[in-house]
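Protein chains get the first letters and strands the later ones, always in sequence-line order, with residue 1 at the start of each. Given the structure is predicted, the values throughout are model-derived calculations rather than measurements.
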There are 2 protein chains.
Amino acid sequence: MSAWEELLAQAGHRVTEPRRLVMQLLLASETPLSPQTLFESARVQHHNLGLVTIYRTLELFESLGLVCRVHLKDGCHGYLAVSPGHHHFVICERCGGSVEFPGGDDLRALIADIEARTGYRIEEHLLQLLGLCPNCQGK
Amino acid sequence: MSAWEELLAQAGHRVTEPRRLVMQLLLASETPLSPQTLFESARVQHHNLGLVTIYRTLELFESLGLVCRVHLKDGCHGYLAVSPGHHHFVICERCGGSVEFPGGDDLRALIADIEARTGYRIEEHLLQLLGLCPNCQGK
DNA sequence: CCCTTATTGATAGTTTTTTTCAATAAGAAG
DNA sequence: CTTCTTATTGAAAAAAACTATCAATAAGGG
Ligand SMILES: [Mn+2]
Ligand SMILES: [Mn+2]
Ligand SMILES: [Zn+2]
Ligand SMILES: [Zn+2]
């Protein structure tokens, strides 16, 4: 039983075929996947899969911290599997390739600074970097 | 003629009633406004306004750097007027109140660090802080 | 004031996401 | 393994978000 299946069960959720397929696809992907894309890919193996299930599964996974929703250039949403803990992504604007990185001291310092200057108590942050991966540079 | 109208005209675009209304609403708002909300508010004064025009106007304003699209908690999009230059926002999760802040040295350092470690050439970034404004804390 | 054409709004269409509910199957219990 | 409970699924339909088309309108230059 894989780590995320363990976590699912621990939280009182069932390990089902659609959930296995969605997580499998996300874990294997280097790029963010949209609900639609996940649907089409997963349906190859699970003939009568419903798109609704994809949405529900992604919502569940996100609530458990297994995946993370990223905001693509055009305004659409994609999902990426995340390793345990808090991370952010750099996403290639050309090929979609994504790499995780931890929010380091720099970000913590920035947040502390903003809290001091605005009086806001900051509870969450959304940080995403967009650019070109090594492969796509110079093309 | 206000600054943004100046900028619009300078760029070869016309200053129209719908555009005036949308910008007026955005400038007066402390919180991000959705296309739908803008539509409903603006239609009070401009009876036969089309929702399409809101979308087109926001797209134009964004391309000119007059407004900025922010990602709300629930996944929907909202728009905020921005002052000239590059800025980010802290948004209150309770009342929606938003405050701009400049991405300081901390962020630049973080980006340089990630570029060095991942090999990506970072061209854009998305940074948004979510929390509670002074008023909403302790409620 | 007139002309050119950028802009608009009505209409229709597409894509994305949510709701509902009966059928199904996961996992606990025996 | 079989039975039971109920979380989960999928079909269908609806709602919400966004986009494309095109004739009518009006902004702004001359
Ligand atoms: Mn972080
Ligand atoms: Mn910035
Ligand atoms: Zn790339
Ligand atoms: Zn607040």
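Atoms CG (A/Leu58) and P (D/dT9) sit 12 Å apart, rounded to a whole Å. Nucleotide C/dT19 holds its C1' atom 14 Å from the CG atom of A/Leu51, rounded to whole Å. Between the CZ atom of B/Arg19 and the P atom of C/dA6 there is a distance of 11 Å, given to the nearest Å. What separates NE2 of B/His13 from C1' of D/dA26 is a distance of 17 Å, to the nearest Å. B/Leu8 places its CG atom 15 Å from the P atom of C/dA6, with the value rounded to the nearest Å. Rounded to a whole Å, the CZ atom of A/Phe39 is 13 Å from the C1' atom of C/dT17. Whole-Å rounding puts the A/Tyr79 OH to C/dT17 C1' distance at 10 Å. Note: CD (A/Glu59) to P (C/dT17) measures 12 Å, nearest angstrom.
Note that CG of B/Leu127 and CG of A/Leu110 are 6.0 Å apart. Values are rounded to the nearest 0.5 Å.
For C/dT8, the OP1/OP2 oxygens have a side-chain nitrogen or oxygen of B/Thr16 closer than 4.0 Å. Contact annotation: B/Thr53 side-chain N/O to C/dG9 OP1/OP2 distance is under 4.0 Å. The shortest distance between the side-chain N/O atoms of B/His46 and the OP1/OP2 oxygens of C/dT8 is not below 4.0 Å.
Along DNA chain D, the nucleotide closest to B/Tyr55 and the one closest to B/Glu17 are compared, and the more 5′ of them pairs with B/Tyr55. Both A/Gln36 and A/Arg56 lie close to DNA chain C; mapped to their nearest nucleotides by heavy-atom distance, the more 5′-ward contact belongs to A/Gln36.
Within the 4.0 angstrom heavy-atom criterion, only backbone atoms of the sugar-phosphate kind lie near A/Leu49; the bases stay farther away.
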Kindly indicate, with the supporting measurements, whether the criterion salt bridge (charged side-chain N to carboxylate O under 4.0 Å, His left out) is fulfilled by B/Arg19 and B/Glu5. CA-CA 9 Å; B/Arg19 288 174 180 172; B/Glu5 287 181 338; over 6 Å; no
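For B/Arg20 and B/Glu17, the salt-bridge test passes: some basic side-chain N is under 4.0 Å from an acidic carboxylate O. Under a 4.0 Å N-O distance rule, the pair B/Glu40/B/Arg43 does not qualify as a salt bridge.
In this structure, A/His88 and B/Ile114 have side chains that are not in contact, with every pair of non-hydrogen atoms separated by 4.5 Å or more. Contact of the B/Trp4 side chain with the B/Leu27 side chain is registered, since non-hydrogen atoms from C-beta on lie closer than 4.5 Å.
Rounded to 10°, the angle separating the first-five-pair axis and the last-five-pair axis of the helix from C/dC1-D/dG30 to C/dG30-D/dC1 equals 50°.
Shown here is B/Arg121, whose CZ atom has no more than 12 heavy atoms of other residues, nucleotides or ligands within 6.0 Å.
Scanning atom types as modelled, no donor and acceptor separated by under 3.5 angstrom connect the side chain of B/Arg14 and the base of D/dG29.
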